[in-house]
Amino acid sequence: HIVDGYVYLHMKQKVQEKHCEFLSDEDEVPCEGGQNYKFRMSLKQLGDKLGHADLQSMKVVSGTCIPESKLENVSTVFELFILLEERGKLSPEDLSFLEQLLEEKVHLVHQLYQKGFGQKSRKYMSTVS
(Lines give C-alpha, C1' and ligand atoms only; values in the text may rest on other atoms or scores of the structure.)
Protein backbone atom coordinates (compact mmCIF):
# COMPACT_ATOMS: atom_id res chain seq x y z
CA HIS A 1 0.00 0.00 0.00
CA ILE A 2 1.23 3.46 -0.87
CA VAL A 3 0.02 5.00 2.39
CA ASP A 4 1.70 2.24 4.43
CA GLY A 5 4.94 2.90 2.59
CA TYR A 6 4.66 6.65 3.10
CA VAL A 7 3.99 6.32 6.82
CA TYR A 8 6.80 3.80 7.21
CA LEU A 9 9.36 5.89 5.31
CA HIS A 10 8.30 9.15 6.94
CA MET A 11 8.47 7.75 10.44
CA LYS A 12 11.68 5.83 9.74
CA GLN A 13 13.29 9.05 8.56
CA LYS A 14 12.12 10.93 11.66
CA VAL A 15 13.45 8.19 13.92
CA GLN A 16 16.79 8.11 12.12
CA GLU A 17 17.06 11.88 12.38
CA LYS A 18 16.89 11.48 16.14
CA HIS A 19 19.80 9.00 15.93
CA CYS A 20 17.65 6.13 17.09
CA GLU A 21 18.01 2.62 15.83
CA PHE A 22 14.86 1.73 13.89
CA LEU A 23 13.54 -1.69 14.78
CA SER A 24 10.78 -3.76 13.22
CA ASP A 25 7.11 -2.70 13.45
CA GLU A 26 6.57 -5.07 16.37
CA ASP A 27 9.55 -3.86 18.41
CA GLU A 28 9.71 -0.88 20.68
CA VAL A 29 11.48 2.08 19.13
CA PRO A 30 13.76 3.66 21.73
CA CYS A 31 12.65 7.26 21.25
CA GLU A 32 9.48 9.33 21.04
CA GLY A 33 9.17 8.71 17.29
CA GLY A 34 8.14 5.14 18.08
CA GLN A 35 4.89 6.16 19.81
CA ASN A 36 3.89 8.36 16.89
CA TYR A 37 4.77 5.62 14.37
CA LYS A 38 2.65 3.07 16.23
CA PHE A 39 -0.20 5.56 16.52
CA ARG A 40 -0.14 6.30 12.80
CA MET A 41 -0.04 2.62 11.91
CA SER A 42 -2.97 2.02 14.26
CA LEU A 43 -4.89 4.85 12.59
CA LYS A 44 -4.12 3.33 9.20
CA GLN A 45 -5.47 -0.03 10.35
CA LEU A 46 -8.58 1.65 11.76
CA GLY A 47 -9.09 3.55 8.51
CA ASP A 48 -8.90 0.32 6.54
CA LYS A 49 -12.00 -0.87 8.43
CA LEU A 50 -14.06 2.13 7.31
CA GLY A 51 -15.78 2.66 4.01
CA HIS A 52 -16.47 5.56 1.67
CA ALA A 53 -19.74 6.44 3.45
CA ASP A 54 -17.84 6.63 6.75
CA LEU A 55 -15.27 8.95 5.18
CA GLN A 56 -17.97 11.26 3.84
CA SER A 57 -19.67 11.41 7.22
CA MET A 58 -16.39 12.10 8.99
CA LYS A 59 -15.56 14.88 6.52
CA VAL A 60 -18.85 16.61 7.32
CA VAL A 61 -18.13 16.56 11.06
CA SER A 62 -14.51 17.63 10.45
CA GLY A 63 -15.73 20.67 8.54
CA THR A 64 -15.84 22.51 11.86
CA CYS A 65 -12.05 22.45 12.13
CA ILE A 66 -10.70 21.81 8.61
CA PRO A 67 -11.37 24.19 5.71
CA GLU A 68 -13.55 22.74 2.96
CA SER A 69 -10.84 23.44 0.41
CA LYS A 70 -8.59 20.94 2.21
CA LEU A 71 -11.38 18.42 2.78
CA GLU A 72 -12.17 18.34 -0.95
CA ASN A 73 -8.76 16.77 -1.60
CA VAL A 74 -9.15 14.05 1.05
CA SER A 75 -9.78 10.65 -0.53
CA THR A 76 -8.94 8.28 2.34
CA VAL A 77 -9.76 8.09 6.03
CA PHE A 78 -6.05 8.07 6.81
CA GLU A 79 -5.56 11.38 4.97
CA LEU A 80 -8.33 12.85 7.10
CA PHE A 81 -6.64 11.56 10.25
CA ILE A 82 -3.39 13.28 9.22
CA LEU A 83 -5.21 16.59 8.71
CA LEU A 84 -6.85 16.20 12.11
CA GLU A 85 -3.43 15.59 13.67
CA GLU A 86 -2.08 18.72 11.99
CA ARG A 87 -5.00 20.72 13.44
CA GLY A 88 -4.41 19.34 16.93
CA LYS A 89 -7.72 17.45 16.94
CA LEU A 90 -6.18 13.99 17.08
CA SER A 91 -3.11 12.73 18.91
CA PRO A 92 -1.85 9.61 20.67
CA GLU A 93 -2.96 11.24 23.93
CA ASP A 94 -6.34 12.62 22.81
CA LEU A 95 -8.93 10.57 20.93
CA SER A 96 -11.97 12.62 21.95
CA PHE A 97 -12.59 14.11 18.49
CA LEU A 98 -12.17 10.66 16.96
CA GLU A 99 -14.90 9.45 19.31
CA GLN A 100 -17.19 12.14 17.90
CA LEU A 101 -16.33 11.15 14.34
CA LEU A 102 -16.96 7.47 15.00
CA GLU A 103 -19.89 7.81 17.36
CA GLU A 104 -21.66 4.88 15.71
CA LYS A 105 -18.48 2.76 15.66
CA VAL A 106 -16.98 3.54 19.06
CA HIS A 107 -15.73 -0.05 19.29
CA LEU A 108 -13.03 0.95 16.79
CA VAL A 109 -11.87 3.74 19.09
CA HIS A 110 -11.88 1.23 21.93
CA GLN A 111 -9.26 -0.76 20.01
CA LEU A 112 -6.95 2.26 20.14
CA TYR A 113 -7.49 2.57 23.89
CA GLN A 114 -6.58 -1.10 24.25
CA LYS A 115 -3.28 -0.35 22.50
CA GLY A 116 -2.55 2.28 25.13
CA PHE A 117 -3.53 5.43 23.24
CA GLY A 118 -5.72 8.28 24.45
CA GLN A 119 -7.46 9.29 27.60
CA LYS A 120 -10.99 7.93 27.87
CA SER A 121 -13.51 10.73 27.73
CA ARG A 122 -16.67 10.76 29.83
CA LYS A 123 -18.72 10.14 26.72
CA TYR A 124 -16.71 7.04 25.84
CA MET A 125 -16.74 5.67 29.36
CA SER A 126 -20.51 6.11 29.62
CA THR A 127 -21.07 4.07 26.42
CA VAL A 128 -18.84 1.25 27.65
CA SER A 129 -20.19 1.04 31.23
Side-chain angles (χ1 to χ4, degrees):
H1 292 92
I2 293 172
V3 174
D4 287 336
Y6 169 78
V7 171
Y8 175 80
L9 291 176
H10 179 72
M11 294 310 300
K12 182 175 180 178
Q13 179 182 10
K14 290 290 184 194
V15 169
Q16 287 175 338
E17 287 172 3
K18 293 182 180 213
H19 306 290
C20 295
E21 178 182 348
F22 189 81
L23 306 173
S24 75
D25 295 354
E26 300 301 318
D27 294 328
E28 293 296 322
V29 179
C31 67
E32 66 184 17
Q35 177 76 356
N36 198 36
Y37 173 78
K38 287 184 176 196
F39 181 63
R40 289 250 174 115
M41 290 307 295
S42 296
L43 289 177
K44 170 67 173 88
Q45 291 166 353
L46 187 153
D48 289 345
K49 296 175 183 175
L50 299 169
H52 183 72
D54 296 312
L55 173 61
Q56 296 309 313
S57 169
M58 292 167 63
K59 285 169 73 171
V60 169
V61 176
S62 298
T64 60
C65 59
I66 298 174
E68 189 167 334
S69 60
K70 290 215 180 244
L71 287 173
E72 289 173 356
N73 298 320
V74 171
S75 60
T76 69
V77 173
F78 185 73
E79 289 174 13
L80 180 60
F81 290 159
I82 298 301
L83 285 176
L84 291 169
E85 274 190 286
E86 290 171 358
R87 296 278 190 262
K89 291 292 197 178
L90 180 61
S91 72
E93 298 81 28
D94 185 2
L95 304 176
S96 58
F97 193 74
L98 186 60
E99 289 178 22
Q100 292 175 28
L101 291 179
L102 296 173
E103 195 168 46
E104 299 296 318
K105 297 185 178 188
V106 75
H107 65 281
L108 295 174
V109 180
H110 181 66
Q111 292 172 2
L112 293 176
Y113 285 121
Q114 289 176 329
K115 291 181 180 184
F117 298 111
Q119 300 295 321
K120 294 182 180 180
S121 71
R122 289 184 193 152
K123 181 175 185 177
Y124 176 78
M125 289 184 359
S126 67
T127 60
V128 174
S129 302

Visitor: What residues form a side-chain hydrogen bond (donor to acceptor under 3.5 Å, both in side chains) with S69, not counting sequence neighbours?
Guide: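 By the side-chain hydrogen bond (donor to acceptor under 3.5 Å, both in side chains) rule, S69 matches no residue at all.
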Visitor: How far apart are the closest heavy atoms of V77 and G47, and which atoms are they?
Guide: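 Looking at all heavy atoms of both residues, the shortest contact is CG1-CA, 3.8 Å.
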Visitor: Less than 3.5 Å apart, which donor and acceptor atoms pair up between the side chains of residues 51-63 and the rest of the protein, not counting sequence neighbours?
Guide:
from, atom 1, to, atom 2, distance (Å)
H52, NE2, Q56, NE2, 3.4
D54, OD1, K105, NZ, 3.1
D54, OD2, G51, N, 2.9
D54, OD2, K105, NZ, 3.0
K59, NZ, L71, O, 3.1
K59, NZ, V74, O, 3.0
S62, OG, M58, O, 2.8

Visitor: Below 4.5 Å, heavy atoms only, C-beta onward: do V109 and L101 meet side chain to side chain?
Guide: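 No - every pair of side-chain heavy atoms lies 4.5 Å or more apart.
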Visitor: Can you sort out the partners of E68 under side chain to side chain contact (heavy atoms under 4.5 Å, CB included), two or more places apart, ordered by chain and number?
Guide: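 Here the qualifying residues are E72.
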Visitor: When rounded to the nearest 0.5 angstrom, what is the spacing between CG in L95 and CZ in F117?
Guide: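 Rounded to the nearest 0.5 Å, the CG-CZ separation comes out at 8.5 Å.
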Visitor: If you define the side chain from C-beta out and look only at heavy atoms, does anything of K70 sit under 4.5 Å from R87?
Guide: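 The answer is yes, as the side chains (C-beta and beyond) meet within the 4.5 Å cut-off.
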Visitor: Quick one: side-chain hydrogen bond (donor to acceptor under 3.5 Å, both in side chains) partners of E104, sequence neighbours excluded?
Guide: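 With sequence neighbours excluded, E104 shows a side-chain hydrogen bond (donor to acceptor under 3.5 Å, both in side chains) to no residue whatsoever.
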Visitor: Tell me every residue that passes side chain to side chain contact (heavy atoms under 4.5 Å, CB included) with E85, counting only those two or more places apart in sequence or in another chain.
Guide: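 N36, F39, R40, L43, I82, L90.
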Visitor: What residues, two or more places apart in sequence or in another chain, satisfy side-chain hydrogen bond (donor to acceptor under 3.5 Å, both in side chains) together with Q45?
Guide: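 Here the qualifying residues are K115.
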Visitor: With the side chain counted from C-beta on, respond yes when K49 and Q111 share a heavy-atom pair under 4.5 Å apart, and no when they do not.
Guide: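 Answer yes - side chains close enough.
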Visitor: Quick check for you: to the nearest 0.5 Å, what is the distance between L80 atom CG and L98 atom CG?
Guide: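 Between L80 CG and L98 CG, I get 9.5 Å after rounding to 0.5 Å.
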Visitor: Please report the interatomic distance CG(L108) to CG(L102), rounded to the nearest 0.5 Å.
Guide: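 Here the interatomic distance stands at 6.0 Å.
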